[in-house]
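All values reported here derive from a predicted model rather than from experimental measurement.
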Amino acid sequence: MERNVILIILDTVRKDYFDKFAERIQHKSQTSFEQCRAAASWSTPSHASILTGQLLHQHGVHSENQSFDNIGVGETFLRRLLDYNKLCITDHGLLQPDYGFNKFFDRHRTTGWEQIVNNADMDAGVEKYLIALKETLASGDPFTMYKNVERALWNDLEDLMFKLPVNGPPDQGAAELSRIAKEEAEQAKEPFFIFMNFMDAHTKHRVHKNLDHSLHSAPENWSSESHYVWESDEFEESYINHYRDLYGASIDYLDRIVAELYENISKVTENETTVLITADHGHNLGYSYDDNLLGHMGSMTESVLHVPLSIINPPEGFPESVDKYFSQLNLGELITRIAQNKSEVDDLTGGPIVAEHEGLVGYREKKNKFPGTDEEFEYWNRMMRVQYDDEMKFIWDTLSNIQKYNLMFGDPCYQELIEERSGNLDDESGFFDVGMEEYRRQLKTRSVDDAVMEDLEDLGYL
């Protein structure tokens, strides 16, 4: 009997905080890939790499082109799930039909509010609320009506809402996405493959009513904001502490959501169901081994690249722990094998493995607002490539810097700089089709259009 497979992306969740705050998932999982690395540092190219098994310079989805239109379904691992009912459930603004992400699946579903955003011209002003109200009432679903109105009010009237006697803002879509997944699994023709992306650990961070409030001390009206400079010494200590605490509390909340979701789905399906939980990238939290950075743009630290990969109910014969390197470039092959009830993973693990970062998202827009010098901006906008081998990590960039780090496999986000010099790795051709300098010259320098800019701003990239 073919096996149902669910891939859950916990957007922006780094490995060490997952280990600390996702205890329920770890308790339920039978396999953990302890050395999983993302292939890119932010969502859009990372998701394209997961689908295709290619680096961003190969699949072409990156800061200069957020659309998936140029990737064919036949270029993804999904082509091998021929008999599967394939469903996408996500609230991520860049994984929507406007960007061509829906074409990889038989069905694409999102939250009621994101669906309104997809279908309507959401210009600022009263018109936005009239459109939202019309679409909400047309849905005929009381839960959707409630969630849409709640989200609209908290998104745009947050200051006012905190003055009213209401029970705090909602989550970032996790509860509604989980509800959709339960509904779909119960009705789906088996076998099915479900892709899910949860955004609740992504910025901005704020206190909401579903968090475990024992995990943070942030005031109820506190929230983080996006910034154009990411060094943690730009912020007060209380800001950093609230930021870290709410990030951890958000992972704890997602842990509850995912554990309960698996329990529900396993009861309503006839086939065995395997759930893979990972992240598209991690996040810097201002620690010294994060290079004292906050966020994940312009950075290839272990906190950004080292992500969890836990598997609940894998096929018989899967190892309990995989301690060798695993690149998310091989995630599609792993999923395909699981769907076929295969348990061989040794040939998918081990070093060397690589990752790639193309520069800042919307770099022209960022440069227009950047508070520093042109030289400082070029530093943040440099292209970077990374290679892992043994417990060593190399980063080289378009500013002709090369850095060598020592890693500790038992300390997920630790990295220690042990050498720094000018130059590049001697040979990139083993993993990269084109040299970094040449590829950087090939990238077109264009501005982000208004529709894309709004989505990037919502995600904190602009």
Side-chain angles (χ1 to χ4, degrees), residues 12-21 32-42 45-46 49 55 201 230-233 240 243-244 247-248 251 278-309 321-329 349-360 379-380 382-426 428 431-432 436:
T12 321
V13 172
R14 54 192 270 172
K15 170 66 171 166
D16 59 348
Y17 267 62
F18 176 87
D19 289 350
K20 182 177 180 180
F21 290 99
S32 176
F33 285 71
E34 292 297 312
Q35 301 301 326
C36 180
R37 297 305 192 280
S41 65
W42 70 287
S46 180
S49 291
L55 293 161
W230 304 278
E231 292 98 339
S232 59
D233 61 7
I240 298 293
Y243 193 105
R244 291 171 180 169
Y247 177 76
I251 297 172
T278 187
D280 52 347
H281 56 80
H283 203 62
N284 292 311
L285 294 172
Y287 296 107
S288 59
Y289 46 84
D290 298 346
D291 293 338
N292 297 308
L293 300 176
L294 196 65
H296 51 270
M297 293 306 299
S299 172
M300 296 291 266
T301 62
E302 286 302 275
S303 300
V304 170
L305 293 180
H306 195 173
V307 294
L309 176 55
S321 180
V322 179
D323 297 320
K324 295 180 180 179
Y325 285 119
F326 178 82
S327 169
Q328 284 191 340
L329 296 176
T349 65
I353 63 172
V354 295
E356 189 172 25
H357 171 69
E358 75 278 33
L360 293 178
Y379 171 79
W380 290 113
R382 70 200 187 281
M383 186 175 183
M384 290 181 277
R385 285 177 170 173
V386 178
Q387 178 176 298
Y388 293 92
D389 200 8
D390 296 323
E391 292 193 30
M392 293 293 175
K393 173 183 179 181
F394 296 87
I395 301 178
W396 63 106
D397 63 32
T398 47
L399 298 179
S400 297
N401 301 312
I402 185 167
Q403 299 167 321
K404 181 179 180 180
Y405 291 88
N406 182 45
L407 308 180
M408 294 178 61
F409 276 6
D411 193 348
C413 292
Y414 171 85
Q415 61 178 31
E416 178 188 7
L417 180 64
I418 58 176
E419 182 182 346
E420 187 169 20
R421 58 182 172 84
S422 297
N424 294 313
L425 283 194
D426 294 334
E428 296 181 313
F431 295 94
F432 302 94
M436 181 171 58

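- Scored by the ring-ring contact (aromatic ring centres under 6.0 Å, His included) test, Tyr289 finds Tyr287 as partners (sequence neighbours excluded).
- Partners of Phe409 by ring-ring contact (aromatic ring centres under 6.0 Å, His included), not counting sequence neighbours, listed by chain and number: Tyr325.
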Next item on the list: I would like to know whether Asp16 and His306 meet side chain to side chain contact (heavy atoms under 4.5 Å, CB included); could you show each step before the answer?
Entry: CA-CA 9 Å; Asp16 59 348; His306 195 173; over 6 Å; no
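- Residue pairs meeting the salt bridge (Lys or Arg N to Asp or Glu O under 4.0 Å) criterion with at least one partner in residues 407-420, sequence neighbours excluded, are Glu419-Arg421.
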Next item on the list: Applying side chain to side chain contact (heavy atoms under 4.5 Å, CB included), run through Val386 and Val354 and close with a yes or a no.
Entry: CA-CA 5 Å; Val386 178; Val354 295; over 6 Å; no
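- Sequence neighbours left out, the pairs with a member in residues 350-359 that pass salt bridge (Lys or Arg N to Asp or Glu O under 4.0 Å) are Glu356-Arg385.
- Residue pairs meeting the salt bridge (Lys or Arg N to Asp or Glu O under 4.0 Å) criterion with at least one member in residues 294-308, sequence neighbours excluded, are Arg37-Glu302, Glu302-Lys393.
- Remark: Asp323 pairs with Glu34, Ser321 by the side chain to side chain contact (heavy atoms under 4.5 Å, CB included) rule, at least two apart or across chains.
- In summary, the side chains of Thr301 and Asn284 do present a donor paired with an acceptor at a separation below 3.5 Å, with no hydrogens or angles considered.
- Partners of Asp280 according to the salt bridge (Lys or Arg N to Asp or Glu O under 4.0 Å) rule, which considers only residues two or more places apart in sequence or in another chain, do not exist here.
- Remark: Ser422 engages no residue in a side chain to side chain contact (heavy atoms under 4.5 Å, CB included) (not counting sequence neighbours).
- Remark: Phe33 pairs with Phe326 by the ring-ring contact (aromatic ring centres under 6.0 Å, His included) rule, at least two apart or across chains.
- In this view, Tyr405 satisfies the ring-ring contact (aromatic ring centres under 6.0 Å, His included) rule with no residue, not counting sequence neighbours.
- In this structure, a donor-acceptor pair under 3.5 Å is absent between the side chains of Gln403 and Trp396.
- The salt bridge (Lys or Arg N to Asp or Glu O under 4.0 Å) search around Asp397 returns Arg382, not counting sequence neighbours.
- For the side chain to side chain contact (heavy atoms under 4.5 Å, CB included) test, residues two or more places apart in sequence or in another chain that qualify with Ser49 are Ala39, His59, Leu329.
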